[in-house]
2 protein chains.
Amino acid sequence: MSIASFLDAVPKSTLRAQIAERLRAAILAGDIPPGAPLVETALSESFDVSRGPLREALRQLIEEGLVVTVPYTGTHVAALSVEDVREIFSLRTALEIFAIEQVWERRDDRFRAELVRRNDALVATIDAGDDRASIETELAFHGLVYEASGHRLLQRAWASLRGRLQLYWAAHHRAHGRRGPRRDSHDSYIAALLGDDLAAVRAEIADHMRRGVETTERFLNTLEPLAKRGGRS
Amino acid sequence: MSIASFLDAVPKSTLRAQIAERLRAAILAGDIPPGAPLVETALSESFDVSRGPLREALRQLIEEGLVVTVPYTGTHVAALSVEDVREIFSLRTALEIFAIEQVWERRDDRFRAELVRRNDALVATIDAGDDRASIETELAFHGLVYEASGHRLLQRAWASLRGRLQLYWAAHHRAHGRRGPRRDSHDSYIAALLGDDLAAVRAEIADHMRRGVETTERFLNTLEPLAKRGGRS
DNA sequence: CGCGTCAGAATTGTCGACAATCGACGATGA
DNA sequence: TCATCGTCGATTGTCGACAATTCTGACGCG
């Protein structure tokens with residue numbers, strides 16, 4: 001029926017899921033910048049669907065923190081504030097430490113091998129200078145900890161945080177150009193994870209997050225002006 | 001317009017919000033038991049609204065983990081498994097410890113006073129033997145830690161966990177009758193929180209959650225049969 | 001010149017009908 | 001008897017039109 005399903009290689013599922021996926025990708029890629037209005041009628045036309053599925057897709061993105069809406073007034077791409085970013089990193093610290101504790105309890109041997117593999121992939125993209133790919137491989141690298149925890153609720157929490165992180169990085173990339181993850185920070189991170197000292201791992205994760213906030217904090221205030229209206233999730 | 005808004009004392013807002021609120025209340029009160037089917041057409045009739053807002057309300061409850069749906073097939077009230085409950089308590093341990101750390105960093109004097117006040121309210125309902133009220137005051141008591149953290153993302157995470165907790169307690173209450181929170185467990189909990197030793201607070205929270213799981217774990221397997229289909233969130 | 005008021009437009013909210021899909025049941029043939 | 005296939009009922013998915021609300025900007029009044 002829909003032309004869109006032929007134009008793009010979205011195999012098949014409900015329209016709601018397809019629209020949500022494509023809209024999310026557009027937002028996280030920075031194609032639709034933070035603060036930009038998302039008008040339902042316009043979007044439904046450009047995606048060639050009715051407003052029903054589109055609204056439901058928007059609701060989902062609202063839950064993910066990528067979109068903000070005000071009843072009867074308007075919908076916009078979320079704009080993160082400085083405090084939002086601090087919250088993301090601080091909560092992520094707690095979650096990631098909890099995740100690694102779960103992993104250690106499970107003693108899954110495949111974890112270390114996969115960790116090394118994903119780290120290699122991450123290092124490769126960093127060395128190649130591919131900023132966008134670096135962000136993706138870095139998320140996959142950290143995501144392994146949550147996957148290996150076997151904790152479904154924790155994985156949901158991580159997914160929620162990951163979306164907001166991507167939104168932040170997209171805005172960061174737009175504002176300052178190429179500036180992906182750094183090698184040295186991850187070298188010490190993976191070194192701690194491969195070691196045997198859980199306390200050291202906890203400290204390293206906290207340090208890792210602290211570095212993440214510190215090295216980007218000076219750029220954060222330049223993002224603020226984008227948060228005209230709302231910005232809350 | 002809608003008759004429903006006159007029958008019940010839901011002041012005014014979007015229908016989606018009203019329906020979500022009423023459905024959530026019905027589920028958490030146990031009026032609609034875990035595993036029960038939620039047919040959109042039937043619900044839209046009984047609430048006297050069209051299926052549009054009702055579907056969006058269902059989507060929200062799905063996000064909250066209270067409802068499960070399979071495309072083109074059916075929607076049901078979520079049924080928690082034993083593993084789900086374990087995950088809820090373990091993640092809650094990590095979040096609550098993180099929350100109390102945030103509270104300590106803020107050094108808000110009003111926190112202790114409000115904590116004592118809510119503890120009194122909790123003790124009053126427990127002594128009165130009011131099971132449902134005890135659950136509510138206990139949630140309000142623990143919720144204070146998250147509110148006082150000033151961490152909005154953390155509060156969202158807590159809201160997500162709280163809904164699932166209520167669902168669990170509702171099922172528990174249905175299966176085994178009156179069995180609310182216990183005084184002794186909370187006496188040591190608040191005692192630690194009012195003290196000055198953060199390490200002791202961490203340990204007490206972990207113990208508190210462990211007690212919560214242990215004292216209920218023997219009943220958990222009796223809940224399992226309810227989880228016929230899905231049960232995942 | 002400032003300020004309240006009030007159309008008009010823009011946007012989201014809601015509705016009722018139709019289409020697509022899935023699961024179960026029974027017919028049919030080997 | 002059993003396996004297979006088709007049909008039917010139930011449920012969710014999708015659509016287009018209409019209603020309610022909010023924002024904006026122009027206009028008149030003091």
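In what follows, every chain begins at residue 1, and chains take the letters A, B, ... in the order their sequences are listed.
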What's A:Leu38 touching, base or sugar-phosphate or nothing? Going by heavy atoms closer than 4.0 Å.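 Result for A:Leu38 = sugar-phosphate.
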Whole angstroms only, please: what is the [atom1]-[atom2] distance between [X] and [N]?
X	N	atom1	atom2	value
B:Arg16	D:dT21	CZ	C1'	14 Å
B:Gln18	C:dT14	CD	C1'	12 Å
B:Tyr72	C:dA19	OH	C1'	9 Å
A:Arg55	C:dT14	CZ	P	7 Å
A:Glu45	C:dT11	CD	C1'	14 Å
A:Glu40	D:dC18	CD	P	18 Å
B:His76	C:dG23	NE2	C1'	12 Å
B:Leu54	C:dG16	CG	P	13 Å

Heavy-atom nearest nucleotide on DNA chain D for A:Pro71 versus A:Gly52: which residue maps closer to 5'?
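Here A:Gly52 is the residue nearer the 5' end.
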Check: Any side-chain N or O of B:Ser50 less than 4.0 Å from the OP1 or OP2 oxygen of C:dC15?
Finding: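 For C:dC15, OP1 or OP2 has a side-chain N or O of B:Ser50 closer than 4.0 Å.
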Notebook entry, point to check: Think B:Thr75 has a side-chain N or O under 4.0 angstrom from the OP1 or OP2 of D:dT12?
Noted result: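 Answer is yes, contact under 4.0 Å.
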Exercise for review: Say whether B:Ser134 and B:Asp131, considering side chains only, have a donor N or O and an acceptor N or O under 3.5 Å apart.
Suggested key: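 No, because no side-chain N or O of B:Ser134 sits under 3.5 Å from a partner of the opposite role on B:Asp131.
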key: Donor-acceptor pair between B:Ser160 and B:Arg156 side chains, under 3.5 angstrom   =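 No, no side-chain donor-acceptor pair sits under 3.5 Å.
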Task: Under 3.5 Å: donor-acceptor pair, side chain of B:Glu87, backbone of A:Leu153 - done: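 Yes, because the side chain of B:Glu87 sits within donor-acceptor range (under 3.5 Å) of the backbone of A:Leu153.
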> Got more than 12 heavy atoms from elsewhere within 6.0 Å of CD, B:Glu136?
Replying inline: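 Counting neighbours around CD of B:Glu136, 12 or fewer heavy atoms of other residues, nucleotides or ligands fall under 6.0 Å, so no.
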